[in-house]
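Not measured: the values here are computed from a predicted model. Note that these values count all heavy atoms, side chains included, but never hydrogens, waters or copies made by symmetry. In what follows, residues are counted from 1 in the order of the sequence shown.
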Amino acid sequence: QVQLVESGGGLVQPGGSLRLSCAASGSIVSINTMGWYRQAPGKQRELVAVITSAGNTNYADSVKGRFTISRDNAKNTGNLQMNSLKPEDTAVYYCNALVRISIFRREEYEYWGQGTQVTVSS
């Protein structure tokens with residue numbers, strides 16, 4: 001019913017920047033929270049950043065001060081600006097959203113994008 005599509009990943013040198021985007025479409029009444037997760041080889045998927053519908057944000061300590069999460073409620077899109085990238089940031093990045101899909105029911109459902117690869121290397 002709902003699809004999330006990430007874009008903007010790629011190869012960048014240490015200290016460089018990338019901007020990831022997430023486009024949500026389908027049977028969307030409203031989106032509560034939007035977030036970004038990442039998973040490096042051999043590691044568990046971890047939360048990178050989250051933003052509420054009101055614009056409140058939280059970040060993992062490892063990215064605080066370097067990454068900025070944002071969203072456009074009218075367009076159902078989200079973004080993750082990544083600056084001062086480090087090799088440790090190399091991972092597949094996933095968009096996540098809690099979505100209300102019915103005007104009659106208030107339940108929220110969790111959806112995931114397919115992931116986009118970010119590689120930080122010289």
Side-chain angles (χ1 to χ4, degrees):
Q1 298 292 329
V2 175
Q3 298 81 43
L4 304 179
V5 179
E6 304 101 330
S7 61
L11 175 64
V12 65
Q13 294 183 343
S17 298
L18 284 174
R19 185 176 179 87
L20 306 183
S21 63
C22 175
S25 62
S27 301
I28 299 172
V29 174
S30 61
I31 299 176
N32 184 357
T33 61
M34 297 189 72
W36 290 91
Y37 291 72
R38 67 186 182 187
Q39 187 166 25
K43 295 185 177 181
Q44 294 291 118
R45 186 174 299 186
E46 64 174 350
L47 177 67
V48 176
V50 63
I51 184 169
T52 70
S53 59
N56 299 313
T57 60
N58 283 289
Y59 298 90
D61 288 341
S62 59
V63 308
K64 192 171 297 182
R66 300 187 297 122
F67 291 11
T68 302
I69 189 171
S70 61
R71 64 187 289 172
D72 187 328
N73 292 332
K75 297 180 179 179
N76 288 329
T77 60
N79 293 280
L80 183 69
Q81 178 67 45
M82 304 185 295
N83 299 326
S84 302
L85 283 162
K86 305 174 181 179
E88 309 93 270
D89 296 317
T90 296
V92 177
Y93 284 71
Y94 297 89
C95 180
N96 169 268
L98 294 176
V99 183
R100 181 180 176 180
I101 64 173
S102 173
I103 62 173
F104 303 109
R105 300 183 65 85
R106 296 183 178 182
E107 289 88 351
E108 296 173 343
Y109 296 87
E110 187 176 33
Y111 294 91
W112 294 88
Q114 82 288 348
T116 184
Q117 177 71 50
V118 172
T119 302
V120 184
S121 176
S122 298

Given 3.5 Å as the limit, does a donor-acceptor pair link the side chain of Ser84 with the main chain of Arg66, or not?
no
Ile101 and Glu107: CA distance, side-chain angles, deciding distance, side-chain contact (heavy atoms from CB on, under 4.5 Å) verdict
CA-CA 8 Å; Ile101 64 173; Glu107 289 88 351; over 6 Å; no
Would you call Asp89-Lys86 a salt bridge at under 4.0 Å N-O?
no
Where do Cys95 and Leu4 come nearest, in terms of heavy atoms and distance?
O-CD1, 3.8 Å
In Å and rounded to the nearest 0.5 Å, what is the SG to CH2 distance from Cys22 to Trp112?
11.0 Å
Which heavy atom in Ser62 sits nearest to a heavy atom in Arg38, and how many Å separate them?
OG-NH2, 3.4 Å
Between Ser21 and Ser7, is any side-chain donor less than 3.5 angstrom from a side-chain acceptor?
yes
Distance, nearest 0.5 Å, that separates CE of Met82 from CG of Leu18
4.5 Å
Looking only at side-chain N and O atoms, does Gln114 offer a donor or acceptor that is under 3.5 Å from a partner on Glu6?
yes
Describe, in one word, how the ring planes of Tyr93 and Phe67 are oriented to each other, choosing from parallel (under 30°), tilted (30 to 60°) and perpendicular (over 60°).
tilted
Check: Arg100 side chain, Glu108 main-chain N or O, donor-acceptor pair, under 3.5 Å:
no
Rounded at 0.5 Å granularity, tell me how far OH in Tyr111 sits from CD1 in Ile28.
9.0 Å
Could you check whether Asp72 and Thr77, counting side-chain N and O atoms only, form a donor-acceptor pair closer than 3.5 Å?
no
When you compare the side chain of Asn56 with that of Ile51, does any pair of heavy atoms fall below 4.5 Å?
no
CG/Leu85 to OG1/Thr90 distance, rounded to the nearest 0.5 angstrom?
8.5 Å
From the list Val48, Thr116, Asn79, side-chain contact (heavy atoms from CB on, under 4.5 Å) partner of Leu20 resolves to Thr116
Above 12 or not: heavy atoms from other molecules or residues under 6.0 Å from CD of Gln1?
no
Atom of Ser70, atom of Arg19 and distance for their closest heavy-atom approach:
OG-NH2, 4.0 Å
Point-to-point distance, once rounded to the nearest 0.5 Å, from CG of Leu80 to OG1 of Thr68
8.0 Å
Pairwise distance OG(Ser53) to CZ(Arg71) - rounded to 0.5 angstrom:
5.5 Å
Within the distance-only criterion (no hydrogens, no angle test), does the side chain of Glu110 pair as donor or acceptor with the backbone N or O of Leu98 below 3.5 angstrom?
no
Ignoring hydrogens, what is the shortest heavy-atom contact between Val99 and Val2? Give both atom names and the distance.
CG1-CG2, 4.2 Å
